[in-house]
There are 2 protein chains.
Amino acid sequence: MNDFERRNLPLFPIGIVMELTELSARQIRYYEEQDLIHPARTKGRQRLFSFVDIDRLLEIKDLLDKKINIAGIKEIFLQRELEQKEKEIVLEKAKQRLSDKDLRKKVLREVTQQKPGQTHSLIQGDLSRFFH
Amino acid sequence: MNDFERRNLPLFPIGIVMELTELSARQIRYYEEQDLIHPARTKGRQRLFSFVDIDRLLEIKDLLDKKINIAGIKEIFLQRELEQKEKEIVLEKAKQRLSDKDLRKKVLREVTQQKPGQTHSLIQGDLSRFFH
DNA sequence: ATATGATGTTAATTTTTCTAACATCATATT
DNA sequence: AATATGATGTTAGAAAAATTAACATCATAT
């Protein structure tokens, strides 16, 4: 299990979260109702919060202290999410480029390599016009 | 809050601990009865487990799998505890020696230093017999 | 002055956990 | 082989914690 997964495990009942965040149950449930958090549930429908949920609650608290209202907080979180997706796409593409490069290298090696028993390099044969 | 404190926070209800450790409530409560763990309690006397408790439960599980009985496990934990105390004492003494050395250095500096306006070093006066 | 947003409070219900007692099952002892 | 012991399962009844829903309050914006 990696760090991401660990931080997203549903572990904490609302009572503990109340203590850790110094928020009331009413506040926590209201923020969920407003789609600011999405805690997991037990079979019996009791909320279970992750570290990520708790961090988010603490941030909500900070932003409310700064007189930002729930709509504002929702927008902030939304923008961050988009930003995050943007980054993931860039990363994804970079990764793809890397593995493409790798692949080209491999193919080139395959094709130019003088294997034992081969009388001449392929690059001097049929495929020579593809690699310069 | 440091790492030690964080790992000792009472956070998890027994249901979560059951999932994380794959132990039954009966087993967990029995190990407490046998003094292998000492989870905290809520006001209402419900158990709250820390990361340390969970690690310990996982170790108990391992040792039981190795056919070591509860008495054996208790002894292992006890010895580890003594070992730990031993180490703490050694560390404590080392620390003490260090600060003693510091103190002696300071006193020496104080006493041997020629302050502006002083006609002669103290070390040549009344205290000279203490520092060689 | 009124409407709205965020939170408090309460009641009834459901879920989770508690303790205590008795049951089971494997392993060690006689 | 019969019996004792240690670890765990199961059950029942009680207590604690969490849920939803409704109504109340209070500050702030219109």
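All of these numbers come straight from a predicted model, not from anything done at the bench. Convention: sequence-line order gives letters A, B, ...; per-chain numbering from 1.
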Chemist: Given atom CZ of A:Arg29 and atom C1' of C:dA6, what is their separation to the nearest angstrom?
Modeler: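 It is 15 Å, rounded to the nearest whole Å.
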Chemist: Mind calculating the distance between CD1 (A:Ile14) and P (C:dT16) to the nearest angstrom?
Modeler: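 Nearest whole value for this atom pair: 14 Å.
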Chemist: Students often get this wrong, so: under 4.0 angstrom with heavy atoms, is B:Arg47 touching a base, only sugar-phosphate, or nothing?
Modeler: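 If one applies the 4.0 Å heavy-atom cut-off, B:Arg47 turns out to touch the sugar-phosphate alone, with no base involved.
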Chemist: What's the CZ-P distance between B:Arg26 and C:dT24, to the nearest Å?
Modeler: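 It is 14 Å, rounded to the nearest whole Å.
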Chemist: With nearest nucleotides of DNA chain C determined for A:Leu64 and A:Lys43 from heavy-atom distances, which residue corresponds to the more 5′ nucleotide?
Modeler: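 Checking each residue's closest nucleotide, the 5'-ward one belongs to A:Leu64.
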Chemist: Looking at the side chain of B:Gln46, which of D:dA7, D:dA18, C:dT17 is the nearest nucleotide?
Modeler: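 The listed nucleotide nearest to B:Gln46's side chain is C:dT17.
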Chemist: Tell me whether A:Arg6 forms a cation-pi arrangement with A:Phe51, defined as NZ or CZ under 6.0 Å from the six-membered ring centre and within 45 degrees of its axis.
Modeler: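 Pair A:Arg6/A:Phe51 does not count as cation-pi.
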Chemist: Expressed as a whole number of angstroms, how long is the span from A:Ile60:CD1 to C:dG5:P?
Modeler: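 Computing the A:Ile60:CD1 to C:dG5:P distance gives 17 Å.
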Chemist: For D:dT28, what is the paired nucleotide under Watson-Crick or G-U wobble rules, both distances under 3.5 Å?
Modeler: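 Looking at the geometry, D:dT28 pairs with C:dA3.
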Chemist: Looking at C:dT19, C:dG8, D:dA18, which one has an atom nearest to any side-chain atom of A:Gln27?
Modeler: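 Of the candidates, C:dG8 comes closest.
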Chemist: Under 4.0 Å between a side-chain N or O of A:Tyr31 and OP1 or OP2 of C:dA6?
Modeler: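 So the side chain of A:Tyr31 is outside the cut-off, no N or O lying under 4.0 Å from OP1 or OP2 of C:dA6.
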Chemist: Does a nitrogen or oxygen in the side chain of B:Arg41 sit under 4.0 Å from OP1 or OP2 of C:dT19?
Modeler: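 Affirmative; the distance criterion is met.
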Chemist: Determine, for B:Asp55 against B:Arg7, whether the closest basic-nitrogen to carboxylate-oxygen distance falls under 4.0 angstrom.
Modeler: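 Salt bridge present between B:Asp55 and B:Arg7.
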Chemist: Regarding B:Arg45, tell me which of base, sugar-phosphate or nothing describes its non-hydrogen contacts under 4.0 Å with the strands shown.
Modeler: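 Here B:Arg45 touches the backbone only, sparing every base.
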Chemist: May I ask you to say whether B:Glu75 pairs ionically with B:Arg80, meaning some side-chain N is under 4.0 Å from a carboxylate O?
Modeler: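 Not counted as a salt bridge, because no side-chain N and carboxylate O are separated by less than 4.0 Å.
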Chemist: Check the surroundings of atom CZ in B:Arg41: do more than 12 heavy atoms from other residues, nucleotides or ligands lie under 6.0 Å from it?
Modeler: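 Yes, the 6.0 Å shell around CZ holds more than 12 heavy atoms from other groups.
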Chemist: Using distance alone, with no hydrogens and no angle criterion, decide if A:Glu83 and A:Gln79 have a side-chain donor and acceptor under 3.5 Å apart.
Modeler: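 The criterion, which ignores hydrogens and geometry beyond distance, is not satisfied for A:Gln79 and A:Glu83.
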Chemist: Looking at A:Ser24, does any N or O in its side chain come under 4.0 Å of the phosphate oxygens OP1/OP2 on C:dT7?
Modeler: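 Answer is no, no contact under 4.0 Å.
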Chemist: Without decimals, in angstroms, what is the distance between B:Met18 CE and D:dT10 P?
Modeler: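 Going from CE in B:Met18 over to P in D:dT10 covers 11 Å.
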Chemist: Could you give the CG-to-C1' distance, from A:Asn69 to C:dT7, as a whole number of Å?
Modeler: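 These atoms are roughly 15 Å apart.
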Chemist: Check the phosphate of C:dT7 against A:Tyr30, side-chain N and O only, distance under 4.0 Å to OP1 or OP2. Yes or no?
Modeler: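 Negative; the distance criterion is not met.
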Chemist: For A:Lys67 and for A:Glu32, locate the closest nucleotide of DNA chain D by heavy-atom distance; then report the residue assigned to the nucleotide nearer the 5' terminus.
Modeler: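 Upstream on the strand: A:Glu32.
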Chemist: So if you build clusters from Ile, Leu, Val, Met, Phe, Trp, Tyr with side-chain heavy-atom gaps below 4.5 Å, do B:Leu23 and B:Val52 land together?
Modeler: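 No, separate clusters.
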Chemist: D:dT8 P sits how many Å from B:Gln34 CD, rounded?
Modeler: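 The answer, rounded to whole Å, is 10 Å.
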Chemist: Atom CD1 of A:Ile16 to atom C1' of D:dA18: distance rounded to whole Å?
Modeler: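 Value for this atom pair: 13 Å.
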Chemist: Determine which nucleotide pairs with C:dT30, using a 3.5 Å limit on both distances of a Watson-Crick or G-U wobble pair.
Modeler: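 Matched C:dT30 with D:dA1 under the 3.5 Å cut-off.
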Chemist: Please determine whether a side-chain nitrogen or oxygen atom of B:Thr42 lies at a distance below 4.0 Å from atom OP1 or OP2 of D:dA17.
Modeler: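 Yes, because at least one side-chain N or O of B:Thr42 sits under 4.0 Å from OP1 or OP2 of D:dA17.
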